[in-house]
Amino acid sequence: MSAKVQIVVDEAELARFRAAADQAGMTLSEWARHALRLAERDTATRGSQQEIDAIHAASGYEFPAPDVDKMIAEIDGGALA
């Protein structure tokens with residue numbers, strides 16, 4: 001089932017949105033749905049990134065991991081100590 005959403009924008013915004021939709025080869029409705037989906041995805045991703053950042057901060061380690069050769073040298077150095 002579909003539902004209609006009404007969004008109030010000023011004339012300048014409407015003109016920019018129509019131009020963006022035309023440039024993308026979409027109707028204004030298609031372009032707006034696409035933009036809303038991207039915004040929703042960005043919001044969900046932002047929450048996940050905050051969780052990853054918290055884990056990195058809590059672990060006390062730097063990410064991403066260093067080069068594999070450096071890791072092997074550090075492991076070998078620790079084994080010899």
> Drop me the distance from Trp31's CH2 to Leu36's CG, to the nearest 0.5 angstrom.
9.0 Å
> Look at the side-chain heavy atoms of Ile, Leu, Val, Met, Phe, Trp and Tyr, link any pair under 4.5 Å apart, and say whether Leu38 and Val5 land in one connected group.
no
> Are side-chain heavy atoms of Leu14 and Leu28 found at a separation under 4.5 Å?
yes
> By salt bridge (charged side-chain N to carboxylate O under 4.0 Å, His left out), which residues pair with Asp10, not counting sequence neighbours?
none
> To the nearest 0.5 Å, tell me how far Arg18 CZ sits from Glu11 CD.
7.5 Å
> If you measure from CZ on Arg41 to CZ on Arg37, what distance do you get to the nearest 0.5 Å?
9.0 Å
> Can you sort out the partners of Asp69 under side-chain hydrogen bond (donor to acceptor under 3.5 Å, both in side chains), two or more places apart, ordered by chain and number?
none
> Under the side-chain hydrogen bond (donor to acceptor under 3.5 Å, both in side chains) rule, collect the residues that match up with Glu30, sequence neighbours excluded.
Thr27
